[in-house]
Amino acid sequence: MKKVYRRMLVLALLAAPVSLVAQDRGTPSPEARARAEARRPEGPPFGALLRHRQELGLSAEQVSRLEAIGRRLEEQNRPLRERLRREREEFVARRRAQIERLSPEQRRDTLRRLREERRQRRIPEGMRPIVQQIQQNTRRAMEEAQSVLTPEQKERARSLIRQRREEMRERMREHRGRRGDRHGPRVHRLPS
């Protein structure tokens, strides 16, 4: 049961805008924000359950309860995601200003260190409490969602999650091949 929970949490966080924290690429484009918001109405992890309601054999009552849990989670996390976005923008602006003031040698060393941090997926210290609160909210919602499913539905959901994870890995491999990325895909890991 913990494995299912962790997998669903990982999928939720992979799809969430929180993943922007792990990247240092500036503010996302309006198109990227629109795509992220489009995924959110039944947003992960509930979106996966609700998209597969037929395969899981969810009753109308189960669907209603899952939608309510998803809405509550969205309401809890929306202000946190917005705060995280603002703090990230401020963090990136401060970092850029600091880097611009460095000598060329210091800049090279600093950028090398920052690339390593990015590879290790470190979240800046000031943003960690926000990310942890989002994770905690998601964890509670997932526990509540699992109580809605029958044991058979939980097993089928595990299978769907494994299948989805494999599809995502394959797409990432294909994408990496097209980009010629030497460093591999951007996989966001949860802290242990």
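Here, residue 1 is the first one in the sequence, and each next residue gets the next number. A quick note: this is a predicted structure, and the numbers were derived from the prediction, not measured.
In this structure, Glu167 places its CD atom where more than 12 heavy-atom neighbours from other residues, nucleotides or ligands lie under 6.0 Å away.
Rounded to the nearest 0.5 Å, atoms CG (Leu66) and CG (Leu73) are 12.0 Å apart. Separation of atoms CZ (Arg85) and CD1 (Ile130) is listed at 12.0 Å; rounding is to 0.5 Å. With rounding to the nearest 0.5 Å, the separation of CE in Met127 from CD1 in Ile134 is 11.5 Å. Rounded to the nearest 0.5 angstrom, Leu80 CG and Gln132 CD are separated by 12.0 Å.
Applying the side chain to side chain donor-acceptor pair (under 3.5 Å) test to Gln76 and every residue at least two apart in sequence or in another chain returns nothing. The side chain to side chain donor-acceptor pair (under 3.5 Å) test applied to Glu116 returns Arg119, Gln120, not counting sequence neighbours. Listed by chain and number, the residues in a salt bridge (charged side-chain N to carboxylate O under 4.0 Å, His left out) with Glu166 are Arg169 (sequence neighbours excluded). With sequence neighbours excluded, the residues that form a salt bridge (charged side-chain N to carboxylate O under 4.0 Å, His left out) with Arg72 are Glu144. A search for side chain to side chain contact (heavy atoms under 4.5 Å, CB included) contacts involving Ala93 returns nothing, not counting sequence neighbours. Take Glu170 and apply the side chain to side chain contact (heavy atoms under 4.5 Å, CB included) test, not counting sequence neighbours, and it matches Arg173, Glu174. Evaluation of the side chain to side chain donor-acceptor pair (under 3.5 Å) rule for Arg94 yields no partner, not counting sequence neighbours. For Arg171, there are no salt bridge (charged side-chain N to carboxylate O under 4.0 Å, His left out) partners at least two apart in sequence or on another chain. Evaluation of the side chain to side chain donor-acceptor pair (under 3.5 Å) rule for Ser159 yields Arg156 as partners, not counting sequence neighbours. With sequence neighbours left out, the salt bridge (charged side-chain N to carboxylate O under 4.0 Å, His left out) criterion links Glu61 to no other residue.
Between Leu160 and Glu55, the closest heavy-atom pair is CD2-OE1, 3.5 Å.
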- request: Please assess Gln106 against Ser103 for the test side chain to side chain donor-acceptor pair (under 3.5 Å), listing each intermediate value before the final yes or no.
  value: CA-CA 5 Å; Gln106 291 172 322; Ser103 70; 3.3 Å; yes
task: Could you go through the salt bridge (charged side-chain N to carboxylate O under 4.0 Å, His left out) check for Arg78 and Glu82 one step at a time?
output: CA-CA 6 Å; Arg78 184 181 304 122; Glu82 182 58 31; over 6 Å; no
query: Does the salt bridge (charged side-chain N to carboxylate O under 4.0 Å, His left out) test come out yes or no for Arg71 and Glu74, once each step is laid out?
result: CA-CA 5 Å; Arg71 280 190 303 273; Glu74 176 62 22; over 6 Å; no
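Evaluation of the salt bridge (charged side-chain N to carboxylate O under 4.0 Å, His left out) test over residues 99-113, restricted to residues two or more places apart or in two chains, returns Asp109-Arg112, Arg113-Glu117.
Side-chain contact between Leu49 and Leu149 is present, with at least one heavy-atom pair separated by less than 4.5 Å. Counting heavy atoms from C-beta outward, Ile99 and Arg95 have side chains that approach closer than 4.5 Å.
Residues Thr138 and Gln135 bring no donor and acceptor atom of their side chains to less than 3.5 Å of each other.
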